[in-house]
Number of protein chains: 2
Amino acid sequence: MKGKIDSKNSKKSVTLEIEQSRRAGLSCVKRLPAYLQLLRILQAEGNEYVSGTVLASVHHLEPVIVRKDLAITGIIGTPRIGFRVNELIAAIERFLGWDIQTKAILVGAGNLGTALLGYRGFENFGLQIVAAFDRDPRKVGRWLKGRRVQPLEQLVKFARRNRITLGVLTVPGDVAQEAANLMARAGIRGIWNFTPTKLDVPADIVTQKEDLAEGLAVLSHRLHYLSRTKGL
Amino acid sequence: MKGKIDSKNSKKSVTLEIEQSRRAGLSCVKRLPAYLQLLRILQAEGNEYVSGTVLASVHHLEPVIVRKDLAITGIIGTPRIGFRVNELIAAIERFLGWDIQTKAILVGAGNLGTALLGYRGFENFGLQIVAAFDRDPRKVGRWLKGRRVQPLEQLVKFARRNRITLGVLTVPGDVAQEAANLMARAGIRGIWNFTPTKLDVPADIVTQKEDLAEGLAVLSHRLHYLSRTKGL
DNA sequence: ATTATATCGTTATAAAAATAACGATACAAA
DNA sequence: TTTGTATCGTTATTTTTATAACGATATAAT
Ligand SMILES: NC(=O)c1ccc[n+]([C@@H]2O[C@H](COP(=O)([O-])OP(=O)(O)OC[C@H]3O[C@@H](n4cnc5c(N)ncnc54)[C@H](O)[C@@H]3O)[C@@H](O)[C@H]2O)c1
Ligand SMILES: NC(=O)c1ccc[n+]([C@@H]2O[C@H](COP(=O)([O-])OP(=O)(O)OC[C@H]3O[C@@H](n4cnc5c(N)ncnc54)[C@H](O)[C@@H]3O)[C@@H](O)[C@H]2O)c1
């Protein structure tokens, strides 16, 4: 069932093969954090086991989806009982690489950047924002949520010296590309992009665009639909 | 002018409208805002036309995907030329219901809530956050990004009086459900949920969960994979 | 006028994801 | 012991989404 790729279609592009070779569907990976969040609560409540059925019902999913999702982490459950909560948390964290803290820098200490710097939840996702950079001289030097805002000129040196692999991008959209270029020069491997700008980066750099408008579009469309069909 | 395909066309448009109000592909709806963002830039630069091919190349998509996505908005392009930028913007906005500004309230004026209140981009998405509510007495009464923070007790009255249909939820996860209940009592129709808590709401309320961890999981997984296969 | 070509819109096919189906297993109760 | 059942993990099947294929059309070039 798994097997090697038949090299039938060479057009199929490297990206797909990469994702397939790990056998992790994108939608599956996206659901894992939600399970993790719930598992942490169950753990705190002292539960030793949890069934896929319970995880499914909370998130309004079919149990079989949950079981399949969890399967890619390598976890094995016991029939009639479920999964060990501790083991499951460890398996998901390990699969996502969240068992080891990754150091990140943030570029653009504005509204959103400040909020992200102040978010305590990232440590649960293996993320540690260790420094913030900004171009605005009025912000440089100030302390923000426990980090001192540094000038852009320091970025490359800092990132290289501290072996930073991940960058969080929260600058205005029209300067996003140049900030990304700077990150690339600094040896950053992954960019978490909160700007509405699609970035152009070397092939060995991974970008993830976080677009709030996507979710709002879905919400708006659903509401719009409801109001048209139910006449509300 | 188009007499020869008239009968076929009318039949098709009926089908399309049904499908439009019924279920537009989720992935399609999610891509529309990205097109819109680029279109606004093109419009500001004075471009009159844009081809699906151009939109596709910027976002690293296949042209046919773009054309199909745009088709659900009802827009019609001209071969060899493309689409009128103005018309396309209007069509997407109309499809998403973003041509009319929707009034929203925000509950939880903390780190993230403040950032969202300060975001000027929402007016491009037909969203207008007109009020903020918080439980913390130290925050109530203060001005935040041009809005006065109001106590929770005012929420129901305010929302009903101002016919608010949309709520933005940025409270801590463990009180998210009760805040959502309050919104439901206030007649809110849609909840944009930024907490990691899966909400339980009446069937006639639409919720959209915005989970940053999803995107981070994808990014982490890609990086993790890269580091294991390319040994970097 | 003819040809070339970039693009459109639709239809056909392939790939991914969700859902259904089903046998296997661990424990509880009769 | 036997039966009942909630769950697991795997293997179909269906649905959704992405990609490929193709004829049609508007404009520019020959
Ligand atoms: N605030 C939100 O809620 C929100 C929501 C969705 C998307 N976004 C996006 O996030 C980004 C930031 O939004 P914001 O509201 O925080 O904007 P902001 O203006 O508050 O912050 C931007 C910060 O980037 C700094 N900056 C500007 N140019 C820079 C450069 N070249 N290098 C480094 N820093 C630079 C500015 O000094 C400022 O501090 C924008 O692209 C925006 O579209 C924000
Ligand atoms: N800050 C981020 O970058 C970030 C990122 C991802 C997710 N989130 C999520 O967003 C939510 C808010 O995060 P935050 O960092 O802004 O937290 P925060 O603590 O800074 O803000 C929470 C605010 O909600 C208020 N509040 C508490 N209980 C309330 C209630 N019952 N009704 C109304 N208001 C109430 C608090 O007084 C506070 O002002 C959390 O659920 C968090 O997990 C935040």
**Message:** Looking at C:dC8, I'd like to know if its phosphate oxygens (OP1 or OP2) sit under 4.0 Å from a side-chain N or O belonging to B:R84.
**Reply:** no

**Atom pair distance, as rounded to whole Å: NZ in B:K30 and P in D:dT16** = 15 Å

**Prompt:** Between the side chains of A:N47 and A:Q43, does any donor sit under 3.5 Å from an acceptor?
**Reply:** no

**Prompt:** Taking the inter-plane angle between the rings of B:W192 and B:F122 on a 0 to 90° scale, is it parallel (under 30°), tilted (30 to 60°) or perpendicular (over 60°)?
**Reply:** perpendicular

**Message:** If you compare every side-chain N and O of B:S27 against the phosphate oxygens of D:dT17 (OP1, OP2), does one of them come in below 4.0 Å?
**Reply:** yes

**Complete:** CG of B:N181 to CD of B:E178, rounded to nearest 0.5 Å, is 8.0 Å

**Asked** With a 4.0 Å cut-off, would you call A:K68 and A:E62 a salt bridge?
**Response** no

**Item:** Atom pair distance, as rounded to whole Å: CD1 in A:I72 and P in D:dG9
**Value:** 14 Å

**Interatomic distance where CG belongs to B:L26 and P belongs to D:dT17 [whole Å]** = 7 Å

**Asked** Do the side chain of B:H59 and the main chain of A:K198 share a donor and acceptor less than 3.5 angstrom apart?
**Response** no

Tabulate protein N/O versus nucleotide N/O from nucleotides 27-30 of chain D, keeping only pairs under 3.5 Å, one per line.
from, atom 1, to, atom 2, distance (Å)
D:dT27, O2, B:R80, NH1, 3.3

**Prompt:** Got a sec? Which of residues 43-69 of chain A come in under 4.0 Å of DNA chain D, heavy atoms?
**Reply:** A:S51, A:G52, A:T53, A:V64, A:R67, A:K68

**Item:** Mutual orientation of the aromatic rings belonging to A:F125 and A:Y119 [parallel < 30°, tilted 30-60°, perpendicular > 60°]
**Value:** tilted

**Asked** Between the main-chain N or O of A:D69 and the side-chain N or O of A:R31, is there a donor-acceptor pair closer than 3.5 Å?
**Response** no

**Item:** Closest to side chain of B:F83, choosing from C:dG9, D:dG9, D:dT17
**Value:** C:dG9

**Fill in**
A:P79 has its side chain closest, among C:dT25, C:dG9, D:dT25, to C:dT25

**Asked** Sub-3.5 Å donor-acceptor pair from the side chain of A:T195 to the main-chain atoms of A:T197, do we have one?
**Response** yes

